[in-house]
Amino acid sequence: MTHETYENPVLNADWSDPDVVRVGDDFYLTASSFGRVPGLPLLHSRDLVNWSLVGHALERLEPADEFSRPRHDCGVWAPSLRHHDDRFWIFWGDPDQGIFQVNAPEISGPWTRPHLVKEGKGLIDPCPLWDEETGEAYLVHAWAKSRSGVKNRLTGHRMHPDGTSLLDEGKLIVDGDRIPGWFTLEGPKLYRHDGWFWILAPAGGVETGWQGAFRARDFFGPYEEKIVLEQKDTDVNGPHQGGWVRTPSGEDWFLHFQQRGAYGRVVHLQPMRWGTDGWPVIGDDGAPVAVHRRPGLAPQPPVAPATDDDFPGGRHGRQWQWTANPPASLERGDPHDGWATQHSGDGLRLTCVRTADAHDLRALPNVLTQRLPGTPSAVEVELELHGEEPGARAGLAVLGDAFGWIGLQRGADGTVHLVHRFAEAVAERERDADHPRLAPGARVRLRVEIGTGARCRFAYDLGDGLRYSGPVFAATPWRWVGALLGLFAVAPDGPGHAGAATFTEFRIRPL
């Protein structure tokens, strides 16, 4: 790779189901956030290769009570990002509620509260289109069989130009069951180009699928189809589901995801052109590229979404998300209530939240998470446990359908122990992954090394050098979500305040 080329993936972490839009010289990207809060991450780039996280469009999930506990695979599925009428618009499907929309005058907000455009079960992957020539507006969406009993089809609607409601009952515009060999057609993105309505939509499933293109002269069809990106003889499995964007000079590019197990869905950038037959050609004649000439845009300094954090004033960076809606007081910035306490120094001060679910991190709403890095890395954080309550504990976790964590716990006799625990995917509660050790001073440096294949090993330093703990294990994803790194503090159920824990100097470094 040279300064004139880039290497895929351009976002090597779980930025699932990406969509992209250009406004002037700036490119913006959003992604699925499922049950994590805040939701709808917003990324910015000037060159389509280097991306930074600039915020989130969704402060909390609604209805708030339903998302006060973890619902890791629910919530925000496959959003679409558009710019129309001097506003940014994001549409997404909540598979249990329906199609929502938020909008804002600037990418930084303020974003409106979620508005339900179409109510129903299994309505997913919506994408709007405002036809600038006719003033008409349209919406296309897919279906989740788990909620509706229906899949492999796309439904189209005329939409009110203000984006608040649909103007008809909807019509089946593409039936994947009628296309030989096609299954799990979903994730449509809707465009106008060269006199055609275009739907770019994946099929074949996230692990092994392909990217399709559909075109029709009329929005409601009939559509013809073509496969425009597939694995072929590359090592990029299931390359699909993303968005087309055109640069100011007229270059076409396509951003899509690749499913990588515990790493989640990483984002690739593919060149795109329009063939002599009028169909898009993506990648190297329909195969994903690993290295390619950079887009013809002004050179930009290397940048990536932030990971490291010193937690200035007790505040965490925007790269972190809770596993469910935090208490309203936390959103209002109340310095003494909720899960995190603001203070004058550096360090994340987490309350040891009392809970009956202390034995199972998957059930806790108060885990602060960020994405597992897609390349071999060492993750470190300093922890001090202030909680005096017997059973109070805090630590660093690798979280998925199975989980493991290492940290400190207060014993019944008041002493503090270094503990390392895990739970298999089928287990209902954790158990020790190594023998507990006395931890003088209630302070420890925690570390997890993440090698190839997301194979992890925990380590710790109690002041006398780094020591490994327990066996090597493979991080596991959730059903649709990559594995997460997490920080947490909890205590057994009971009355009164159970103290707190402070995390400092969170760092991720290449291995």
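All heavy atoms count here, side chains included; hydrogens, waters and symmetry mates do not.
Applying the side-chain contact (heavy atoms from CB on, under 4.5 Å) rule to Lys145 yields the partners Lys151; only residues at least two apart in sequence or on another chain are considered. Applying the side-chain contact (heavy atoms from CB on, under 4.5 Å) rule to His44 yields the partners Asp26, Tyr28, Arg46, Ser52, Val54; only residues at least two apart in sequence or on another chain are considered. Qualifying salt bridge (Lys or Arg N to Asp or Glu O under 4.0 Å) partners for Arg445, counting only residues two or more places apart in sequence or in other chains: Glu380, Glu382, Glu505. Residues passing the salt bridge (Lys or Arg N to Asp or Glu O under 4.0 Å) test with Asp125: none are found, sequence neighbours excluded. Applying the salt bridge (Lys or Arg N to Asp or Glu O under 4.0 Å) rule to Arg315 yields no partners; only residues at least two apart in sequence or on another chain are considered. Legend: residues meeting side-chain contact (heavy atoms from CB on, under 4.5 Å) with Arg69, ordered by chain and number and at least two apart, are absent.
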Item to check | His386 vs Thr502, side-chain hydrogen bond (donor to acceptor under 3.5 Å, both in side chains): CA-CA, chis, key distance, verdict | outcome: CA-CA 8 Å; His386 316 294; Thr502 300; 2.7 Å; yes
Checklist entry - Are His256 and His240 close enough, and set up right, to give a ring pair (Phe, Tyr, Trp, His ring centres under 6.0 Å), and what steps lead you there? => result CA-CA 5 Å; His256 67 91; His240 67 48; 8.3 Å; no
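Taken to the nearest 0.5 Å, the OG1 atom of Thr375 stands 9.0 Å off from the CD1 atom of Ile508. One finds the CZ atom of Phe88 at 9.0 Å from the CG atom of Leu42 (value rounded to the nearest 0.5 Å). To the nearest 0.5 angstrom, Glu430 atom CD is 5.5 Å from Arg421 atom CZ. Distance check, rounded to the nearest 0.5 Å: NE2 of His435 to NE2 of His420 gives 12.5 Å.
In this structure, Phe458 has its ring center under 6.0 Å from that of Phe473. For Trp92 and Phe100, the ring centers sit closer than 6.0 Å to each other. A distance below 6.0 Å separates the ring centres of His292 and Trp253.
Using a 4.0 Å cut-off between charged nitrogen and carboxylate oxygen, Asp19 and Arg82 count as a salt-bridge pair. Salt bridge Arg479/Asp401: absent, no basic N to carboxylate O contact under 4.0 Å.
The closest donor-acceptor contact from the side chain of His3 to the backbone of Pro299 lies at 3.5 Å or more, if one exists at all. When atom types are taken as modelled, the side chain of Asn366 and the backbone of Ala489 share a donor-acceptor pair closer than 3.5 angstrom. Between the Glu59 side chain and the Ala57 main chain, no donor and acceptor come within less than 3.5 Å of each other. A side-chain donor-acceptor contact under 3.5 Å links Arg22 to the backbone of Arg246. The backbone N or O of Leu269 lies less than 3.5 Å from a partner atom in the side chain of Asn8, making a donor-acceptor pair. Checking side-chain atoms of Tyr191 against main-chain N and O of Trp244 turns up a donor-acceptor pair under 3.5 Å. Arg455 places no side-chain N or O within 3.5 Å of a backbone atom of Gly453 that could act as its donor or acceptor partner. Proximity of a side-chain donor or acceptor of Gln97 to a complementary backbone N or O of Glu62 within less than 3.5 Å is detected.
Put simply, the side chain of Leu383 does not reach to within 4.5 Å of the side chain of Arg443, judged on heavy atoms. Residues Trp405 and Val398 form no side-chain contact, since every pair of their non-hydrogen atoms from C-beta on lies 4.5 Å or further apart.
With Trp15 as the aromatic partner, Arg371 meets the cation-pi criteria of under 6.0 angstrom to the ring centre and within 45 degrees of the ring axis. A cation-pi arrangement, defined by a distance under 6.0 Å to the six-membered ring centre and an angle within 45 degrees of its axis, is present between Arg71 and Phe67.
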